[in-house]
Amino acid sequence: MNEMYVKHLQGMVQIPTVSNADDSKMDFGQFEKFHQYLEEIFPAIHSTMEKKVIGKAGLLYKWKGKDSDKLPVLLMGHQDVVPEGDHDKWKYPPYSGEVAEGCIWGRGTTDCKCVILAEMETVEALIKEGFQPDYDIYLAYGYNEEVQAPVKSAKEIVNYLKEQGVRLGCVFDEGSGITDGRVMGYDGYVCQVELGEKAYHDYEIYKDDAGGHSMEPGQGTALGSVSRAVVALEANPFPYRLTDIVENQLKAMSQCMTGEKAAVYADPKGHWEELCAMAKEDKKLDSLLHTTCAVTMASGSQQSNILPEHASMIMNCRVLQGDTEESLLAHFRSVIPEDVQVRKVLGEDPEPASSVDGRPYKLIAEIAKANYGEDTLVIPGLLAGGTDSRFFPVICDNVFRHTGFFRDARWGAAHQVNEKIPCDALESAMKFYRELLLRY
Ligand SMILES: [Zn+2]
């Protein structure tokens with residue numbers, strides 16, 4: 001265990017860089033402090049790399065490489081964290097960076113200051129060793145990954161790079177890493193790499209009405225109409241379909257399985273009916289096979305004896321590659337009764353997923369096998385959640401969510417109380433980034 005890495009992560013966690021969808025509610029002083037702290041602990045980066053603050057607090061560093069025709073590598077993460085929640089439920093205070101029970105505790109330890117730490121320590125060490133890349137290396141850290149903000153910091157960074165005419169060879173963001181395959185049923189290590197993610201859309205299903213007194217509701221209320229629309233939507237989900245990325249994912253996962261399930265996953269097209277039946281019983285599999293729609297919020301009038309003038313429900317959709325705002329709205333309108341309206345509240349169409357055929361993906365597999373053994377199983381896949389890396393496909397064909405971190409049961413869950421990372425896990429990611437930059 002390297003004491004310095006532990007100390008540096010503690011320092012990062014002790015600065016509460018909490019984000020908010022509304023910039024005016026954010027304390028940018030904390031981000032300034034965070035930037036100063038990075039300057040303090042990474043002197044070589046700050047004397048060698050060109051640093052730019054993009055927008056209010058986005059960070060972009062560039063290490064100019066020797067001239068060659070290799071496209072640049074960009075390592076990224078996000079500076080912000082979600083609010084800490086109930087202090088009393090934390091075993092150690094959320095911004096203490098306490099080291100206890102072999103772990104560093106606190107908000108942001110796993111999501112994702114550990115990623116910033118590992119990337120920057122790696123680059124700092126390489127600069128100190130005199131390494132001279134023959135390609136440019138970028139580090140990029142947005143400040144509002146965790147919120148649905150009107151101006152996304154990562155997008156501002158991408159726009160800046162685009163303006164500069166930069167095209168990237170590969171991008172690595174937060175995401176999966178390495179696990180012991182035995183917990184999944186595989187006798188060896190498992191390396192997971194997410195090649196894409198579903199898009200996040202919100203839709204409002206609503207009906208406007210004259211309102212009035214509840215003693216004369218007539219044939220029903222606007223909220224009743226909206227409810228009937230929702231019932232119709234739930235009864236008519238998007239049909240299952242198999243994208244290339246999910247087909248590859250299922251095939252790789254089949255190696256962790258036995259029996260009937262293994263046979264179905266190994267040849268999803270050949271066992272399509274069985275796969276669809278399995279998906280109806282398995283939420284995770286279900287989410288991989290279609291655009292999902294979850295009605296999560298509802299509103300009517302302000303008081304029980306007033307008829308609603310505007311009845312509304314919000315549906316959060318996770319959009320699979322191949323669907324768009326247009327295809328979603330067309331589907332919704334074909335299903336809901338005519339007296340009910342639907343509109344998109346927010347969201348952008350899904351970005352294409354990266355390919356497993358390029359050199360950068362092969363490099364991930366090569367490094368995992370070198371570090372964890374030839375029998376390491378590499379599983380490409382689709383991320384259920386969202387990351388800032390979704391903005392990068394416009395300037396890069398190889399965008400991966402993979403950190404090289406070795407994860408086990410000691411890790412505390414992101415976004416929950418008692419978020420924590422084992423001290424001895426920190427170097428696993430540095431080992432990956434180092435090999436990546438040396439072999440690229
Ligand atoms: Zn994150």
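If you're wondering where the values come from, they're calculated on a predicted model, not measured in any experiment. As the structure lists them, so they are numbered: ligands from 1, and atoms in each ligand from 1. Hydrogens, waters and symmetry mates are skipped; everything else that's a heavy atom, side chains included, is used.
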K.L.:
His35 vs Tyr37, test: side-chain hydrogen bond (donor to acceptor under 3.5 Å, both in side chains). Steps then yes/no.
P.N.:
CA-CA 5 Å; His35 297 180; Tyr37 183 66; over 6 Å; no

K.L.:
Using ring centroids (six-membered ring only for Trp), state whether Tyr265 and His271 fall under 6.0 Å.
P.N.:
no

K.L.:
Checking Glu351 now: which residues fulfil side chain to side chain contact (heavy atoms under 4.5 Å, CB included) with it, not counting sequence neighbours?
P.N.:
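Per chain and number, Glu351 pairs via side chain to side chain contact (heavy atoms under 4.5 Å, CB included) with Pro393.
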
K.L.:
Hey, are the side chains of Lys91 and Glu101 touching, using non-hydrogen atoms and a 4.5 Å cut-off?
P.N.:
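They are in side-chain contact.
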
K.L.:
Near the Zn ion (ligand 1), which protein N/O/S atoms fall under 2.8 Å?
P.N.:
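Checking every protein N, O and S atom gives His78 NE2, Asp111 OD1, Glu174 OE1, Glu174 OE2.
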
K.L.:
Less than 4.0 Å between a side-chain N and a carboxylate O, is that true for Glu348 and Arg390?
P.N.:
no

K.L.:
Taking atom CZ of Arg439 and atom CG of Leu363, what is their separation to the nearest 0.5 Å?
P.N.:
7.0 Å

